[in-house]
There are 2 protein chains.
Amino acid sequence: MLNNGAVDRIFHALGDSNRRAIVERLSRGALSVSALAKPLDITLAAVVQHLQVLEESGLVRTEKLGRVRSCQLHPEGLRVAEDWLANRRGLWERRFDRLGELLDGPIPSRRKART
Amino acid sequence: MLNNGAVDRIFHALGDSNRRAIVERLSRGALSVSALAKPLDITLAAVVQHLQVLEESGLVRTEKLGRVRSCQLHPEGLRVAEDWLANRRGLWERRFDRLGELLDGPIPSRRKART
DNA sequence: CCGATACTCAAGTCCATGCTTAACAATGGT
DNA sequence: ACCATTGTTAAGCATGGACTTGAGTATCGG
């Protein structure tokens with residue numbers, strides 16, 4: 001819960017399908033709040049709340065011009081998630097360097113005094 | 001909620017920090033359920049529940065040998081998430097092909113009779 | 001100035017879900 | 001045979017979070 005913070009917020013944000021739908025639309029280009037709301041069969045207010053989450057996570061940037069709030073994807077946010085995933089997969093591919101840890105306990109051929 | 005299904009389950013699974021912690025540990029190599037539980041300050045039962053979610057999402061594969069269940073990362077699951085993110089970013093980078101849609105409504109210089 | 005548009009904010013509802021406890025099953029070691 | 005280890009399952013709780021309603025603010029067009 002009180003994790004890395006950035007990664008936490010981003011994956012939490014992406015964990016909701018409506019928020020992912022918003023990200024999908026925004027990857028096509030900037031949109032206003034009400035434009036985002038139209039295809040979503042939830043209230044404008046709900047969309048605003050999702051946008052708050054997305055903005056706090058760094059996935060989306062918004063700017064208000066007059067009475068319309070323009071929402072843009074902020075791709076560096078996506079980058080954080082991509083990097084996390086790539087790191088996991090990278091470690092997994094190099095996992096043979098660390099063989100012999102099926103259990104986390106001591107391995108018969110190695111003495112390890114710990115606590 | 002009843003979305004693409006695969007993508008939905010995967011991002012939902014990754015939305016929880018304990019589950020991400022499990023994925024992180026598993027990227028280092030296979031582990032048993034109780035080995036996974038140890039550093040997590042939640043109950044074994046809770047870990048089992050997380051593993052169910054992870055397995056149903058396709059991120060993790062498990063196999064039971066004797067009384068120990070060995071859990072492995074299933075990297076194709078990660079791939080689905082990576083692909084989704086890469087697609088969003090790809091579209092974003094090519095977004096200038098579709099300029100002129102700040103609002104989804106008509107743009108002053110264009111007549112568009114709609115409903 | 002008036003009405004319509006485009007949000008904003010605060011409360012409150014309600015369901016999903018993360019977690020615990022507890023009882024149980026199966027396997028392994030001695 | 002006995003007990004410890006490892007996991008499974010069900011039940012219930014409790015918090016979070018997605019969503020709505022409703023009332024309010026600010027901006028735009030005429």
Side-chain angles (χ1 to χ4, degrees), chain A residues 1-3 8-23 26 30-57 60-72 101-106 108, chain B residues 1-3 8-23 26 30-57 59-72 101-108 114-115:
Chain A
M1 291 274 189
L2 36 134
N3 230 6
D8 206 20
R9 275 189 291 274
I10 285 184
F11 275 105
H12 173 252
L14 291 174
D16 180 86
S17 73
N18 275 329
R19 282 194 291 263
R20 274 198 320 281
I22 289 176
V23 169
L26 289 182
L31 287 171
S32 72
V33 179
S34 46
L36 281 169
K38 245 169 240 170
L40 278 186
D41 86 342
I42 55 177
T43 332
L44 224 194
V47 173
V48 170
Q49 287 164 9
H50 283 310
L51 281 169
Q52 247 164 12
V53 173
L54 286 167
E55 193 161 16
E56 281 162 13
S57 79
V60 165
R61 274 193 175 184
T62 77
E63 187 191 7
K64 192 150 184 177
L65 297 173
R67 61 183 166 175
V68 80
R69 176 170 300 275
S70 169
C71 308
Q72 279 195 68
E101 322 178 45
L102 184 67
L103 295 173
D104 74 335
Chain B
M1 290 272 191
L2 36 134
N3 230 6
D8 206 23
R9 276 189 291 275
I10 286 183
F11 276 105
H12 174 252
L14 291 174
D16 180 85
S17 75
N18 275 329
R19 282 195 291 264
R20 274 197 321 280
I22 289 176
V23 168
L26 289 183
L31 288 170
S32 72
V33 179
S34 46
L36 281 170
K38 245 170 239 168
L40 279 186
D41 85 341
I42 55 177
T43 333
L44 224 195
V47 174
V48 171
Q49 289 164 8
H50 283 310
L51 282 169
Q52 249 164 11
V53 174
L54 286 167
E55 193 162 17
E56 282 162 13
S57 79
L59 283 166
V60 164
R61 275 192 173 184
T62 77
E63 188 190 9
K64 191 151 184 178
L65 298 172
R67 61 180 168 178
V68 80
R69 175 170 300 273
S70 170
C71 309
Q72 280 195 66
E101 325 179 42
L102 183 68
L103 295 171
D104 74 333
I107 282 151
R114 189 71 194 84
T115 3

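We name chains A, B, ... by the order of the sequence lines, and we start the count at 1 in each one.
- Residue A:Arg69 has its side chain nearest to C:dT8 when only C:dC9, C:dG18, C:dT8 are considered.
- Here the C1' atom of nucleotide D:dT6 and the CG atom of B:Leu31 are 15 Å apart, to the nearest Å.
- Atoms NZ and OG, from B:Lys64 and B:Ser70 in turn, are 12.0 Å apart once rounded to the nearest 0.5 Å.
- Checking the phosphate oxygens (OP1, OP2) of D:dG7, a side-chain nitrogen or oxygen of B:Ser34 falls inside 4.0 Å.
- What separates CG of B:Leu40 from P of C:dC19 is a distance of 9 Å, to the nearest Å.
- B:Asp16 CG to B:His12 NE2: the interatomic distance, rounded to the nearest 0.5 Å, is 8.0 Å.
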Taking only N/O atoms, report every protein-nucleotides 25-30 of chain D pair under 3.5 Å with atom names and distance.
| residue | atom | partner | partner atom | Å |
| --- | --- | --- | --- | --- |
| D:dT27 | O2 | A:Arg67 | NH1 | 3.0 |

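- When rounded to the nearest whole Å, the span between CG of B:Leu51 and P of C:dT17 equals 17 Å.
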Step by step, work out the side-chain contact (heavy atoms from CB on, under 4.5 Å) result for B:Val33 and B:Val48.
-> CA-CA 7 Å; B:Val33 179; B:Val48 171; 3.9 Å; yes
Give me the distances for all protein-to-nucleotides 21-24 of chain D N/O pairs that come in under 3.5 Å?
none

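- Contact check, A:His50 against D:dG17: no side-chain N or O comes under 4.0 Å of OP1 or OP2.
- Across the protein-nucleic acid pair, A:Leu44 atom CG and C:dA10 atom C1' stand 16 Å apart, rounded to whole Å.
- Straight-line distance from the CG atom of A:Leu54 to the P atom of D:dA18: 10 Å, rounded to whole Å.
- Of the candidate nucleotides C:dC9, C:dC19, D:dT6, C:dC9 has the atom lying nearest to any side-chain atom of A:Gln52.
- Taking both residues in full, the closest heavy atoms of A:Asp8 and B:Ser17 are given as OD1-CB, 3.6 Å, listed atom of the first, atom of the second, then distance.
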Please set out all donor-acceptor pairs under 3.5 angstrom arising from side-chain atoms of residues 50-57 of chain B, sequence neighbours excluded.
| residue | atom | partner | partner atom | Å |
| --- | --- | --- | --- | --- |
| B:His50 | ND1 | B:Arg19 | NH1 | 3.2 |
| B:Glu55 | OE1 | B:Thr62 | OG1 | 3.3 |
| B:Glu55 | OE2 | B:Thr62 | N | 3.4 |
| B:Glu55 | OE2 | B:Thr62 | OG1 | 3.2 |
| B:Ser57 | OG | B:Leu54 | O | 2.8 |
| B:Ser57 | OG | B:Leu59 | N | 3.3 |

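- In this structure, the CG atom of A:Asn18 is 9 Å from the P atom of D:dA18, given to the nearest Å.
- Residues passing the side-chain contact (heavy atoms from CB on, under 4.5 Å) test with A:Leu40 are A:Asn18, A:Ala21, A:Ile22, A:Ile42, A:Val47, sequence neighbours excluded.
- For C:dA6, neither phosphate oxygen OP1 nor OP2 lies less than 4.0 angstrom from any side-chain nitrogen or oxygen of A:Lys64.
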Distances under 3.5 Å between nitrogen or oxygen atoms of protein and nucleotides 13-15 of chain C:
none

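- Interatomic distance, A:Arg61 CZ to A:Leu26 CG, rounded to the nearest 0.5 Å: 13.5 Å.
- A distance of 7.0 Å separates NZ of A:Lys38 from OG of A:Ser32, quoted to the nearest 0.5 Å.
- Rounded to a whole Å, the CZ atom of A:Arg20 is 14 Å from the C1' atom of D:dA18.
- One end of the helix from C:dC1-D:dG30 to C:dT30-D:dA1 points its axis 30° away from the other end's axis, with each axis taken from 5 pairs and the angle rounded to 10°.
- Atom-to-atom, CZ of B:Arg19 to C1' of C:dT17 comes out at 8 Å; the value is rounded to the nearest Å.
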